[in-house]
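Every chain is numbered from 1 and lettered A, B, ... according to where its sequence line falls, protein lines coming before strand lines. What you are looking at is a predicted structure, and each value in this text was computed from that prediction instead of being measured.
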Number of protein chains: 2
Amino acid sequence: MANIKDIAKMAGVSVTTVSRVLNNQPYVSAEKKDAVRRAIENSNYQPNINAVHLSRGKTFLIGVVVPFSNHPYFGLLIEGIANEALKNNYKLVLFQTNYEESREIEALTMLKYKQIDALIICSRICEWDIINDHVSYGPIILCEDARGRKVSSTFIDHYKSFSKALEYLYQRGHKKIGYCIGRRTGANSQQRETAYKDFLMKFNERLEENFIFLECFNFEDGERVVERLINMSNPPSALLVSSDQVAAGILTCCKELNILVPDELALMGFDNQPIAKIMNITTLEVPLIEIGRRLYIQAMDNTTISHDEIQVKLIERLTV
Amino acid sequence: MANIKDIAKMAGVSVTTVSRVLNNQPYVSAEKKDAVRRAIENSNYQPNINAVHLSRGKTFLIGVVVPFSNHPYFGLLIEGIANEALKNNYKLVLFQTNYEESREIEALTMLKYKQIDALIICSRICEWDIINDHVSYGPIILCEDARGRKVSSTFIDHYKSFSKALEYLYQRGHKKIGYCIGRRTGANSQQRETAYKDFLMKFNERLEENFIFLECFNFEDGERVVERLINMSNPPSALLVSSDQVAAGILTCCKELNILVPDELALMGFDNQPIAKIMNITTLEVPLIEIGRRLYIQAMDNTTISHDEIQVKLIERLTV
DNA sequence: CTGTTAGCGCGTTCAC
DNA sequence: GTGAACGCGCTAACAG
C-alpha cells in the first residue's frame, strides 16, 4: 500500500503538495497537480483514513440515536441521514437505545471523548440538563422542537399537526376521538397530549383517560388496541394513530372482526408510509428522508444553532 | 482532554507503562498498575481512538452490505451483528446497495484500502470473481452457502427448507403451488428455484411460469400478487412466500377481497417475524439475530474459514 | 506557489 | 519490570 510519501517521490514533489491536491487546496501549479494525479492513478493509492482522522482530530463518524432501528419511521430517518452523510464521506454509528437512558448517555459520552464528531438524537430520553452538559463537546442535533435550547433541531410542530388532524376528524362528525401513541413522555408526545387536551376543552368534551392508547409502536400493537376497544362500553368513534404501522395493524384487526372502517371506527395515521397507501389509510404525511437530510446538514455545522420546522400534509384516503 | 502522556506524568510512570495497563499486558507491577488506574479515573481520560487506529493499523469498523436497511429481515440481521459488535468495541458501517453492484464494489474497495477491517455481505450481487479478488485484503463473510469458496459464511440451506415447506403444503392437499420471491438471481433464490423445480418433477407437476411472483419484498408488494392472482384462470391454491411481510400483505388483500385463507389460498411465510405471529401466518422460523451474531464472530476471525449452517423450524398457524 | 518540519496520540521494539 | 525513542501517514504552520 503506497503512502503519501511514495506518491510525493513518484511525482517529484513534496508531501505537502500531494496533500494539497488531495484536499483540493489552491496554490498548486497545474503541472504539479497533474503529476500528482498521475502518480496517484498509477499506484491506486488511497489515503490512510486513520492518519487523516488523527491528523485532523476528527473521526468522520456521526452518531445516530434511535430507540429501535427496525421501525420504518426510524429506518427512513436513518436513510435520509445516511444518504447525505455518504456524499461527504461520513459514516454513521448507530446507537439503538430501546429507550434506555444509559445507552443514550453512552452516545453522549462518545461525543465527549471525540469518538464521534456529532450526535443526532432522533428520540430523546434524557433530561435537558444532561444534553446541556455535553453541548460544548460537539454538535448535538435533535428531532424535536428545541427552539430556545442550545442545540439545533429539525422538527415538526406536533401541536399544530395533531390539532389539524383532530379538527379534521371533528368536522367529519366525530366527537369521541381517542389516540394511540408510543410513549407518553418525550417532547413530541407531550405536545400532542397538550393539543389533545386543548381540543377537548375547545369543544367542551370530557377527557376520557382510556381513550389514550400507549405503547403503540408496531403493526402488532394494533391488536391490543382493538381488543381494548371492543371491550369498552363507550368506545371512541375515531382514532388518531401516531404511526401508520399501528394504524395498519388496527385496520387489519378490524377487518378480521368485521368492524367497519370508517363507519364504526375512523382511523387517521401518521407518516404516510407505503403501508398507508396500500391500505388506503388517511394520514398525515411526514417527509422523513428530507428530515434526515436536514439533520445531517445541521450536524455538520458546529458554529450555528438553527431550527428547521417541517410541514406535514394531510392525505385523504378511505379510513376517515 | 488528557492524553496518554498526561496520565504517565500523573502516575509517575512512562507512557509505555500506561499503554500496557490500558491493553492489559503483563509485566506491570501491581503498584504502578494501581497508580495508572487512579490517574485515569481522576482525569476521566479516554484513549484517542484515532491514534489507536492509526497505530494499530485497524479501523474497528466493520462493513455491512444490505440491499435496504428498512426491511425487517435485514433490520434483524443488522441488530444481531450490531449487538455483538458493540461488545467488542466495533462499529458498523452500513452499505445500502439497492441491489446496485457498484455500491457493493465500493464496500469491497473500502476493505481493500483498509478503511474497514472486515466486510459482511448479507445479500451478494457481484460475481464470485470479484469477491475472490478481494479475499486477501481482509475477512469477507457471506450470508449464503459458500462452502467450497474462499470466504466464511453463515447460511440456511434454502434448498432443504424450501423443499420442506413444499412437501408440507403438498401433504395438506395442495398440488398447485406457487411462490413469491424478491429477486430471481442471487444464490439463495436460485437454491429455492431448484428446490421448486425438483419438487414439481418429483410429483409430476408442470412448471407454470406465472406461478412465480418476483419483486416481492415488502408488505405493499402483496397487493400486486393478489391482483395477478385473481386474474388467473387457473391460479395456484397455495403460495410459498419468502418473506412474512409480503405474506401479511397478501393476507390483508385477500381479506379485503373476501378470498378465504387457507381454503381458497394457502399461505406459508418465511422468517417468523412478529407480524406473522399476530396475523397467524404459518411460517418457517429463521433465527436472524443469531445469524447476525455468528456473522460477526466469523468476521473477527481472519485466519480460519468456516461455514455455519443454521436450521429453520416450521411454525404451524392458520394460513395453511 | 512550494517544501521543511513539527506535531496528532498511541503502540512497540529494544536496551537496561 | 521499565522507559526512551521511533514510527504509523497525514495535516498545517511556517519559511522561503
Side-chain angles (χ1 to χ4, degrees), chain A residues 1-40 43-61 88-90 110 112-117 137-138, chain B residues 1-40 43-61 89 110 112-117 137-138:
Chain A
M1 289 269 304
N3 62 25
I4 199 172
K5 219 185 267 176
D6 299 326
I7 301 299
K9 209 174 293 168
M10 288 173 64
V13 300
S14 74
V15 291
T16 311
T17 302
V18 178
S19 176
R20 286 202 181 98
V21 343
L22 246 29
N23 298 293
N24 294 315
Q25 286 171 19
Y27 306 127
V28 182
S29 67
E31 304 91 69
K32 301 219 170 190
K33 196 181 287 186
D34 269 7
V36 171
R37 291 249 162 86
R38 258 178 285 123
I40 287 176
S43 58
N44 68 18
Y45 160 81
Q46 197 74 4
N48 179 318
I49 210 164
N50 289 327
V52 176
H53 292 174
L54 175 58
S55 192
R56 282 238 179 96
K58 301 209 306 180
T59 60
F60 284 84
L61 249 31
N88 302 45
N89 248 303
Y90 261 77
M110 281 190 62
K112 175 170 177 179
Y113 292 130
K114 308 289 180 204
Q115 311 201 1
I116 51 179
D117 293 344
Y137 301 122
Chain B
M1 287 270 305
N3 63 23
I4 199 172
K5 217 184 268 176
D6 298 327
I7 302 299
K9 209 175 295 170
M10 288 172 64
V13 300
S14 74
V15 292
T16 312
T17 302
V18 178
S19 175
R20 286 202 181 98
V21 343
L22 246 29
N23 298 293
N24 294 314
Q25 285 171 17
Y27 305 126
V28 182
S29 65
E31 305 91 68
K32 301 219 169 187
K33 195 180 289 186
D34 269 8
V36 172
R37 291 247 163 85
R38 258 177 286 121
I40 288 176
S43 59
N44 65 20
Y45 160 80
Q46 198 74 3
N48 178 317
I49 210 163
N50 288 327
V52 176
H53 291 174
L54 174 60
S55 195
R56 282 240 176 92
K58 300 210 306 178
T59 60
F60 285 84
L61 249 31
N89 248 303
M110 281 190 61
K112 176 171 178 178
Y113 293 128
K114 308 290 180 204
Q115 310 200 2
I116 50 180
D117 294 344
Y137 300 123

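Going from atom CG of B:Leu22 over to atom CZ of B:Arg37 covers 9.5 Å, rounded to the nearest 0.5 Å. Atom CG of B:Asn48 is separated from atom CG of B:Leu54 by 10.0 Å, given to the nearest 0.5 angstrom. Between the OG1 atom in A:Thr59 and the OH atom in A:Tyr113 there is a gap of 16.0 Å [rounded to 0.5 Å]. How far CZ of A:Arg20 is from NZ of A:Lys33: 11.5 Å, rounded to the nearest 0.5 Å. In this structure, B:Ile4 CD1 and B:Ile7 CD1 are separated by 8.5 Å, a value rounded to the nearest 0.5 Å. The NE2 atom of A:His53 lies 8.0 Å from the CG atom of A:Asp117; values are rounded to the nearest 0.5 Å.
When all heavy atoms are compared, the tightest approach of A:Gln115 to A:Leu61 is O-CD2, 3.9 Å. Closest approach of A:Val52 and A:Pro47 over heavy atoms only: CG2-CB, 4.4 Å.
Minimum atom distance to the side chain of B:Leu22 is reached by C:dG11, of the listed D:dC10, C:dG3, C:dG11. You'll find that the side chain of A:Ala51 is closest to D:dG9, out of C:dG11, D:dG9, D:dT11. You'll find that the side chain of A:Asn48 is closest to D:dG9, out of D:dG9, D:dT11, C:dC10.
Atom P of nucleotide C:dG11 and atom CD1 of B:Ile49 are separated by 11 Å, given to the nearest angstrom. Distance, A:His53 NE2 to C:dC10 C1': 16 Å, rounded to whole Å. If you take NZ of B:Lys58 and P of C:dC10, they are 18 Å apart, rounded to a whole angstrom. Atom-to-atom, CG of B:Asn50 to P of C:dG11 comes out at 13 Å; the value is rounded to the nearest Å. What separates CG of A:Leu54 from P of D:dG7 is a distance of 17 Å, to the nearest Å. B:Lys32 places its NZ atom 12 Å from the P atom of D:dG1, with the value rounded to the nearest Å. Whole-Å rounding puts the B:Arg56 CZ to C:dG9 C1' distance at 13 Å.
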Q: Could you walk me through whether A:Val15 and A:Ser19 pass side chain to side chain contact (heavy atoms under 4.5 Å, CB included), step by step?
A: CA-CA 6 Å; A:Val15 291; A:Ser19 176; over 6 Å; no
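Within a 6.0 Å radius of OH in B:Tyr137, no more than 12 heavy atoms belonging to other residues, nucleotides or ligands are found.
In the region residues 4-14 of chain B, proximity to DNA chain C at under 4.0 angstrom, judged on heavy atoms, holds for B:Ile4. Near DNA chain C, meaning a heavy atom under 4.0 Å away, the residues from residues 23-31 of chain A are A:Tyr27, A:Val28, A:Ser29.
Not one side-chain nitrogen or oxygen of A:Lys33 sits closer than 4.0 Å to the OP1 or OP2 atom of C:dC1. In this model, the phosphate group of C:dC10 is not approached by any side-chain N or O of B:Ser19 to a distance below 4.0 Å at OP1 or OP2.
Among the protein residues, A:Thr16 comes within range of the nucleic acid bases, having at least one heavy atom under 4.0 Å from a base atom.
In this structure, the side chain of B:Asn23 does not engage the main chain of B:Gln25 through any donor-acceptor pair within 3.5 Å.
At least one side-chain heavy atom of A:Lys112 sits under 4.5 Å from a side-chain heavy atom of B:Asn44.
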Please produce a list of atom pairs where a protein N or O lies less than 3.5 Å from an N or O of nucleotides 14-16 of chain C.
none

